[in-house]
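The residues of the chain are indexed from 1 along the displayed sequence.
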Amino acid sequence: MAHSKNRATDGKITYPPGVKEISDKISKEEMVRRLKMVVKTFMDMDQDSEEEKELYLNLALHLASDFFLKHPDKDVRLLVACCLADIFRIYAPEAPYTSPDKLKDIFMFITRQLKGLEDTKSAQFNRYFYLLENIAWVKSYNICFELEDSNEIFTQLYRTLFQVINNGHNQKVHMHMVDLMSSIVCEGDSVSQELLDTVLVNLVPAHKNLNKQAYDLAKALLKRTAQAIEPYITNFFNQVLMLGKTSVSDLSEHVFDLILELYNIDSHLLLSVLPQLEFKLKSNDNDERLQVVKLLAKMFGAKDSELASQNKPLWQCYLGRFNDIHVPVRLECVKFASHCLMNHPDLAKDLTEYLKVRSHDPEEAIRHDVIVSIVTASKKDLSLVNDHLLNFVRERTLDKRWRVRKEAMMGLAQIYKKYALQAEAGKEAAKQISWIKDKLLHIYYQNSIDDRLLVERIFAQYLVPHNLETTERMKCLYYLYATLDGNAVKALNEMWKCQNMLRHHVKDLLDLIKQPKSDSYSKAVFSKVMVITRNLPDPGKTQDFVKKLAQVLEEDEKIRKQLETLVSPSCSCKQAEVCVKEITKKLGSPKQPSNPFLEMVKFLLERIAPVHIDTESISALIKQVNKSIEGTADDEDEGVPTEQAIRAGLELLKVLSFTHPVSFHSAETFESLLGCLKMDDEKVAEAALQIFKNTGSKLEESFPHIKSVLLPVLQQKAKKGPPRQAKYAIHCINAMFSNRDTHFAQIFEPLHKSLDTDNMEQLITPLTTLGHLAMLAPEQFAAPLKSLVANFIVKDLLMNDRIPGKKTTKLWVPDDEVSPETLAKIQGLKLMVRWLLGVKNNQSKSGNSTLRMLTAILSSDGDLTEQGKMGKPDMSRLRLAAGCAVLRLAQEPCYHEIITLEQYQLCALVINDECYQVRQAFAQKLQKGLCRLRLPLEYLAVFTLCAKDPVKERRAHARQCLVKNINLRREYLKQHAAVSEKLTSLLPEYVVPYAIHLLVHDPDYVKVQDIEQLKDIKEALWFVLEILMAKNENNSHAFIRKMVENIKQTKDGQCPDDPKINEKLYTVCDVAMNIVISKSTTYSLDSPKDPVLPARYFTQPDKPKAANVLGAVNKPLSATGKLQTKLSRMETTSNASSNSNPSSPGRSKGRLDSADVDHSENEDISMKSPSETEKPSRGRKRGAAANQDDKGQESKPKRGRKKAANTSTDDAEDQWGEDSSMAEATLETEDEQNSPPKRGRRGRPPKSAASKDETPSKGRRGRKKTAPPADEENEEEQEEEEDDEDDAGSENMEVKPKGRRGRKPR
């Protein structure tokens, strides 16, 4: 090599053969030609040709001169670069260049030439590729390790390669670049931050998106050099994350993006970085925690990530962020959950507990995203989510916020459609989510119109998709109805009823619009607009839109005709779809994409369009029922027993016969129903009869062949069928046939003559039939009915106990164990009541006699004859029948006014009967009458007595009934401003005087000043006042206070001269005043105008001196009975003068707020039952125990044990003469003779005993549902039919009172 250097110092340059001197004196073209020959020479040389190496040493030095390195021609520079690359290869491992500066210049020169790789279509590209391949293979750049400026050289090389790489390069170019760069990292002593930045910058999302090839190159480089480069990466993150030295790199702000990319490239690159993230998760900086959470969410949630199992401490630390104080952090964690559930089902168990907490988060957005995460995972694969997670979605359907409720409901609906209807995951999955359909329909009980509308939409799109073909749609509906629970069935029935009602309202509006305009026309249209508005969301805004719609209907005949077709009973489903499209198309405007008016119209059309039911659908449904009857249906495959499917199908048809009667008008349908009448199943035949009754109005003229077959069947059912079938048969004849009187006579005469008390079982059906005939045709059978009631019912049936009852301690037995004699007596009582309801007048004083009979039964505990032959269960049944009969008569004005106060009080005490089932059934009947606004307001006060019920469930039910009735009356007053003259009978606040009077005459209230009894009074008053005083709009608190003050200025109207009773009255008023004053600090000192007190209950004011007992009861309300809820969402508007009567508070918005004012929004409002702390009841007990307890105390009156002379058995018989004249002669008119004993005995069991039978009900989060009403067949049924539900209603009574897990929907 020394020889070579000597040659070099000689300065003589030897060129390859045929190559002349290369200098600046020749042209560019010649220079290029000569350089190509030099390149060829060097390309052919290898490292072993020592002579040639020595020969061309000076040429090698010459080529590295500035003349060539800075030559302006790029072809020259490229050829020189290729020569230099080969020179490094030939002279390796020692280059012929010794000057560090020269080496730097050469490598910077070569790097600049590599930019030519960018243009893959260039003619010189192959030569550029040769250059890259050469220096990569030889690792020429490794010579620079010893140079001081090596970092600058390497950085420039890296930058150049990342800049030139593009999608035109093949795999070889990519490979050589990686080889070249990786050798520098792997064989060098260190990697500078600048060089590291040059690599990492390509991973930043912005750069990654701009140049995907550079990202792939960096990724390949990092994978190749993972072990060597890891310490430098760790150092970089240490500097930025732990020490906060963001100035060390321009990439500091992208640190979390880089961590994610590096983790995805090779997790080993971050072995020492991940523990730093655990530290950062606990940072005090909210934004920093948020960034780390976002990063880890992607790392943990990535499809093939094993980070959670590999780094459990970090996973646990991350889960802790679900409870972070910063809302965006919690939100990010919740959003991550769906990816995690979908990609890592094994982590679902860890996530469940944290998602449970977040599903109750105070932030609406977080609760919303919990639902989204769970539903998203469920829709991908149901097996990814467990039952607990689905239950969180279920809970959120009762959330306080509409957005959350909507998301939860829609999510469940989509899951149900996918896995239950379309069965995408098999029968097991369908079974797992079978509860969804019930849950969604239960939401229809909510007061919010938004909830109800969404349920209707879900039903039409997801539960029974309206776009299915008719047969498939009806099959879907058939099996859905057969598998719904009782409450969901009622909700579905209610939904159809509401839609049908709205359809009728729209039809009425269309009829009004056709009429000539006048003042009354405008009022009628406005009134109808208001009614329709209340059935749509956001009534405040909707009102203007409905007015606009009415105007459009007046002006546009085409739209009017389309809407008339839509609401027509004969509209088919296909017609409905066409009409809806036409109307929306006509009202829509392309220029106005968001049209609130059109949205409102769509809501309205959605509710009224018959998208499920038409004549074709009913026919398909009937065929489906027939298949089940014939045994050819898929009942077992659908998981429904055939018998259950048939019953459900007939029930479904029965409901639809109320809402879509015209759709049943086909011979095929009626013939199928005739077949059902002949089936052995009583329920099926009952349903078929009801369908005939509802749909057969035109059967006589349109289908005479059906009539000829049906009539004998109906007559046979009326005479000898089961009682309920007999009832429906009579109503069918009444509704369907023009000459009903003839048919009635053919039934009445033989039954009337064949009545015989010797066979009680054979007596029940005739009595039922005669009772309904008496109600439907009282004039036709006036004389025989009078005689029948007086002689047979009263004398022979009710006043005789033929068969001794079973001796048992039970107070109630199932229906099938009740003696036929008792059932016959119950039907006898009903016959008397139905007859009176048919007559509807009291001219013959039969009403007085009947009421005396009923109250005699009540005062004698159900044993009218007092011979002791009756068993306790039979006595309970008769007490219930008598109490319900009084309620029924009270709904008719002519009989209500003859019910004395004593009779009213005795009837009220049935709600405190010692038998749980009697209390339950009586409360349901009472609620039904009150909800229809048929029972007078004083009967609402009866629920006050429930405050002392030993069973928590009954107290809770009574409170729900009060809430519903009070809201109902306030809403009615709001909607009917014209009824202000009836304010005293509708305004809920007027229940207070009745409640006070009822409590004054409560048999349990014996000692006027007894503290314990006064606490009970206070508890009962608070039971009703708490609801009435929930809000104080228009000074209603002062109105109540004034009412109580006014009562203190009067005397008891029932016993005006009894000082003890009056003292009780003033004492109860003091207790009420104490409650009003202590619970209301907001009432105005200006008392409103004097309220009107009921004249029957209180005398005119005479201002007596009343004893003040405030001190005795001025203590906190006892725990027992104090309900821990307050009504907080009741709005009130005034229907009366603001200075006279309190307005009727508007309808509750649907949810009752918890008394805990600091509850978070996710803690759905739950109505807690009365406190579970029970006190021993002071109600009288039966038997020896009661007698022992009564010793030494003031004697307490017992119902029926000490009867007034006029209620004796003999007098009861005499109340009805053997013929009508005798009966009329013996009817008394004086109130004294109508009165039962002044105090009845109440059989309230001790609370301690009752509590054994009840299970503690658990509080549930969620918006409260409205009160469950009595079991009704359907509100469209005529009242006389509903009231007769006692025939089978006791089937719904529980044999033992049981605690409920939560209030069921009605």
Side-chain angles (χ1 to χ4, degrees), residues 222-223 226-227 230-231 233-238 240-243 255-326 328-361 366 369-370 373-374 376-378 380-381 383-389 392:
L222 288 165
K223 279 190 172 182
Q227 194 169 354
E230 188 265 336
I233 290 175
T234 300
N235 181 59
F236 163 60
F237 287 122
N238 265 333
V240 178
L241 292 176
M242 304 302 289
L243 304 177
V255 63
F256 295 116
D257 291 328
L258 291 173
I259 290 175
L260 177 63
E261 291 295 342
L262 289 169
Y263 180 77
N264 290 336
I265 292 168
D266 189 341
S267 60
H268 293 92
L269 290 167
L270 298 174
L271 282 175
S272 304
V273 177
L274 293 177
Q276 299 172 19
L277 293 179
E278 188 176 337
F279 171 78
K280 281 293 175 185
L281 275 175
K282 298 173 183 176
S283 166
N284 291 329
D285 186 318
N286 288 339
D287 292 334
E288 194 169 51
R289 286 202 313 281
L290 178 60
Q291 285 183 298
V292 179
V293 164
K294 283 182 177 179
L295 165 66
L296 287 173
K298 293 170 184 173
M299 291 169 68
F300 284 124
K303 188 157 191 178
D304 300 318
S305 170
E306 295 181 358
L307 182 58
S309 55
Q310 291 171 349
N311 199 327
K312 289 188 177 178
L314 184 61
W315 170 241
Q316 289 301 323
C317 190
Y318 176 78
L319 288 175
R321 291 308 94 210
F322 273 84
N323 299 328
D324 197 280
I325 195 171
H326 192 45
V329 173
R330 299 201 303 274
L331 196 58
E332 200 58 44
C333 289
V334 166
K335 285 179 178 175
F336 144 81
S338 64
H339 299 290
C340 190
L341 288 170
M342 288 188 282
N343 295 333
H344 304 284
D346 52 309
L347 298 178
K349 189 176 179 182
D350 290 345
L351 285 171
T352 300
E353 200 57 40
Y354 290 93
L355 285 174
K356 178 181 181 180
V357 178
R358 292 288 61 81
S359 71
H360 295 274
D361 196 281
I366 293 175
D369 280 11
V370 168
S373 293
I374 297 171
T376 304
S378 302
K380 183 181 178 186
D381 186 349
S383 64
L384 297 175
V385 296
N386 53 44
D387 289 341
H388 294 296
L389 291 171
F392 302 156

Item to complete: Check Ile366, Val370, Leu290, Asp324 against Leu331 for a side-chain contact (heavy atoms from CB on, under 4.5 Å) and give me the one that passes.
Response: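 Option passing the side-chain contact (heavy atoms from CB on, under 4.5 Å) with Leu331: Ile366.
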Taking [X] for its side chain and [Y] for its backbone only, find out whether a donor-acceptor pair lies under 3.5 Å.
X: Ser283; Y: Arg289; result: no
X: His344; Y: Glu306; result: no
X: Asp266; Y: Lys223; result: no

Interatomic distance, [X] atom [atom1] to [Y] atom [atom2] [nearest 0.5 angstrom]:
X: Ile374; Y: Leu384; atom1: CD1; atom2: CG; result: 12.5 Å
X: Ile233; Y: Leu258; atom1: CD1; atom2: CG; result: 9.0 Å
X: Arg358; Y: Asp361; atom1: CZ; atom2: CG; result: 4.0 Å
X: Asn235; Y: Glu230; atom1: CG; atom2: CD; result: 10.5 Å
X: Leu314; Y: Leu319; atom1: CG; atom2: CG; result: 10.0 Å
X: Glu332; Y: Leu296; atom1: CD; atom2: CG; result: 11.0 Å

Practice prompt. Please list, chain by chain and in numerical order, all residues satisfying ring pair (Phe, Tyr, Trp, His ring centres under 6.0 Å) with Tyr318, sequence neighbours excluded.
Written response: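 So Tyr318 forms a ring pair (Phe, Tyr, Trp, His ring centres under 6.0 Å) with Phe300, Phe336.
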Fill in: side-chain hydrogen bond (donor to acceptor under 3.5 Å, both in side chains) partners for Thr352, two or more places apart
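Per chain and number, Thr352 pairs via side-chain hydrogen bond (donor to acceptor under 3.5 Å, both in side chains) with Asn386.
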Considering non-hydrogen atoms only, spot the tightest contact between [X] and [Y] and give its length.
X: Leu295; Y: Phe256; answer: CD1-O, 3.1 Å
X: Ser373; Y: Leu341; answer: O-CD1, 4.5 Å
X: Ser305; Y: Leu307; answer: OG-N, 3.2 Å
X: Asn323; Y: Arg330; answer: C-CD, 4.2 Å
X: Asn343; Y: Gly301; answer: ND2-O, 2.7 Å
X: Cys317; Y: Lys282; answer: SG-CE, 3.5 Å

Discussion item. As a quick check of understanding, evaluate side chain to side chain contact (heavy atoms under 4.5 Å, CB included) for Lys298 and Asn264, giving each step before the final call.
Written reply: CA-CA 10 Å; Lys298 293 170 184 173; Asn264 290 336; over 6 Å; no
Worksheet entry | Gln291 vs Lys294, side chain to side chain contact (heavy atoms under 4.5 Å, CB included): CA-CA, chis, key distance, verdict | CA-CA 5 Å; Gln291 285 183 298; Lys294 283 182 177 179; 5.7 Å; no
Worksheet item: Are the side chains of Leu277 and Leu281 in touch, meaning some heavy atoms are under 4.5 Å apart?
Response: no
Worksheet item: Is Phe392 close to Leu355 at the side-chain level, that is, under 4.5 Å between some pair of heavy atoms?
Response: yes
Worksheet item: Taking atom CD of Glu288 as the centre, does the number of heavy atoms from other residues, nucleotides or ligands within less than 6.0 Å exceed 12?
Response: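 Result for CD/Glu288: enclosed.
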